[in-house]
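Heads up, the thing below is written out as structure tokens.
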There are 2 protein chains.
Amino acid sequence: MAKNNSKNNSKEHTRIRIINSAKKLFSEQGYQKTTIVDISKQAGLSEAALYEYFQGKEDLLLTIPDLWVSELLHDLDEQLFGIQGAVNKLRKYLWWYLRRVEQAPLDAKIVYLFLKTNANFLNTEVYANVKRLYAYLIDIFEEGQKNGEMKPDLNPRIARDIFVGTMDHIVTRWLLKDMSYSLFDNLDHTFNLLVAAFKAEQSNSADYLN
Amino acid sequence: MAKNNSKNNSKEHTRIRIINSAKKLFSEQGYQKTTIVDISKQAGLSEAALYEYFQGKEDLLLTIPDLWVSELLHDLDEQLFGIQGAVNKLRKYLWWYLRRVEQAPLDAKIVYLFLKTNANFLNTEVYANVKRLYAYLIDIFEEGQKNGEMKPDLNPRIARDIFVGTMDHIVTRWLLKDMSYSLFDNLDHTFNLLVAAFKAEQSNSADYLN
DNA sequence: ATATTTGTCCTAATGTTATTAGGAAAAATA
DNA sequence: TATTTTTCCTAATAACATTAGGACAAATAT
């Protein structure tokens with residue numbers, strides 16, 4: 001009844017090989033232009049064998065970002081742990097996220113460029129996790145209101161929209177331009193402008209530290 | 001040599017019929033799931049006849065937003081004509097753009113959800129026109145700096161990124177949520193936050209009127 | 001008016017690609 | 001050693017984009 005480890009490992013290993021091949025090809029050539037034959041060749045398998053691991057091309061497309069985003073979600077907790085103040089948390093969030101994108105551009109490309117067009121996107125686990133990732137921001141803005149860092153009449157959801165919209169825009173352009181420059185260029189200036197939008201007018205900046 | 005009007009008209013009419021059919025089906029079912037047979041049936045033609053009008057499915061996909069965006073570009077000049085001050089222009093830009101999206105949601109859906117995934121997108125006329133559309137914002141921010149409305153050290157390109165990112169985010173979510181609410185909900189609050197990011201600190205708000 | 005060219009459309013291929021059938025070989029288990 | 005399960009393959013099948021080749025009619029030329 002107990003499964004043999006080596007078998008398990010090799011099965012898992014093959015699965016990972018397929019995922020990596022698909023990731024590479026999707027992000028290089030796009031989803032449509034990548035064929036199942038391409039992917040299976042790259043992974044060293046026949047087409048049919050691939051169907052033992054994935055239900056089909058679409059399933060494969062959805063699996064890739066699923067892994068990435070759920071990993072991000074788990075990491076975020078760790079990253080924000082111990083950071084004091086809403087503005088500091090926001091800053092960490094932005095730098096952390098762009099770093100993760102920089103480190104996994106293939107995953108990011110699939111999420112940003114190919115996923116939204118998929119009719120099932122809204123029903124996927126990825127979408128749910130992306131929402132959770134963004135929901136953190138709402139908590140941060142609410143915290144900022146409580147401690148006086150942020151405007152008292154700030155709508156946290158709208159603040160989130162502005163923050164996420166800007167972040168997504170930066171990432172999307174970087175991906176479309178083939179990652180030909182640093183994501184962190186001018187990021188300080190961008191962040192300062194965003195904070196100016198959210199910050200309380202007469203912010204006694206040390207208030208929340210007491 | 002001179003062409004008959006009725007013939008010309010019927011040719012043009014058929015072309016438009018095909019475009020409208022494709023627009024409807026692409027935005028309802030997505031690009032991938034829409035077949036050439038679907039489109040040609042909807043337009044009352046055979047598949048082969050469609051190829052007299054368009055080079056193929058991809059050409060059809062690119063033609064639709066091309067028409068829309070170039071129309072937008074032309075309209076924008078008119079809309080901003082006579083509006084005084086950078087903040088007022090920004091406001092008009094935002095309201096105008098979202099209105100146009102509201103009025104042509106099928107075109108918007110194609111631009112926002114299906115176009116970016118296309119490998120040729122960066123080389124299309126649509127992309128060039130979208131860039132021009134967004135470049136207007138840079139002019140507006142520069143004007144705002146000259147007349148003291150905007151922060152003197154504002155980087156106009158970054159301000160544009162924030163503005164466009166927020167706008168695109170609002171539109172994208174609205175499209176993904178099947179246009180089930182008004183694009184203008186909370187728009188005032190959103191706009192005020194954005195302006196707070198860009199505005200000069202001690203803005204003597206009437207300066208630029210002199 | 002008749003012949004010829006051009007424009008519009010069709011049915012029937014063709015070729016690519018995702019997916020499935022059916023079974024062989026190997027590995028695990030009894 | 002026999003049997004079941006896993007993993008993989010070759011060879012269909014089916015959906016679809018695109019093309020061939022020609023019919024028919026409208027426009028134009030003679």
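Checked by atom type, the side-chain pair A:R17/A:N20 shows no donor-acceptor distance below 3.5 Å.
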Which nucleotides of nucleotides 9-19 of chain C have their base under 4.0 Å from a protein heavy atom (B), which only their sugar-phosphate (S), and which neither (-), written as one string 5' to 3'? BBB-----SSB
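For the pair A:K57 and A:Y31, the distance from NZ or CZ to the six-membered ring centre is under 6.0 Å and the angle to the ring normal is within 45 degrees.
Atom CZ of A:R15 and atom C1' of D:dT6 are 16 Å apart (whole Å). When the P atom of C:dT20 is taken as reference, atom CG of A:L50 falls 12 Å away, rounded to whole Å.
OP1 or OP2 of C:dT8 lies within a sub-4.0 Å distance of a side-chain N or O belonging to B:K11.
Counted within 6.0 Å of CD on B:Q103, heavy atoms from surrounding residues, nucleotides or ligands total more than 12; the atom is thus considered enclosed.
Using bins of under 30°, 30° to 60° and over 60° for the plane-to-plane angle, the ring pair B:Y134/A:H169 lands in the perpendicular bin.
Listed here is the closest heavy atom pair of B:P65 and B:V111: CB-CG2, 3.3 Å.
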Show me the donor-acceptor pairs, under 3.5 Å and distance only, between side chains in residues 66-73 of chain A and residues at least two apart or in other chains.
| residue | atom | partner | partner atom | Å |
| --- | --- | --- | --- | --- |
| A:S70 | OG | A:D66 | O | 2.9 |
| A:S70 | OG | A:L67 | O | 3.2 |
| A:E71 | OE2 | A:R100 | NH2 | 2.7 |

Side chain to side chain contact (heavy atoms under 4.5 Å, CB included) between A:R173 and A:L183: does it pass, once the steps are laid out? CA-CA 10 Å; A:R173 214 214 340 255; A:L183 269 175; over 6 Å; no
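In the region residues 18-29 of chain B, proximity to DNA chain C at under 4.0 angstrom, judged on heavy atoms, holds for none of the residues.
Side-chain contact between A:L25 and A:E28 is present, with heavy atoms from C-beta onward closer than 4.5 Å.
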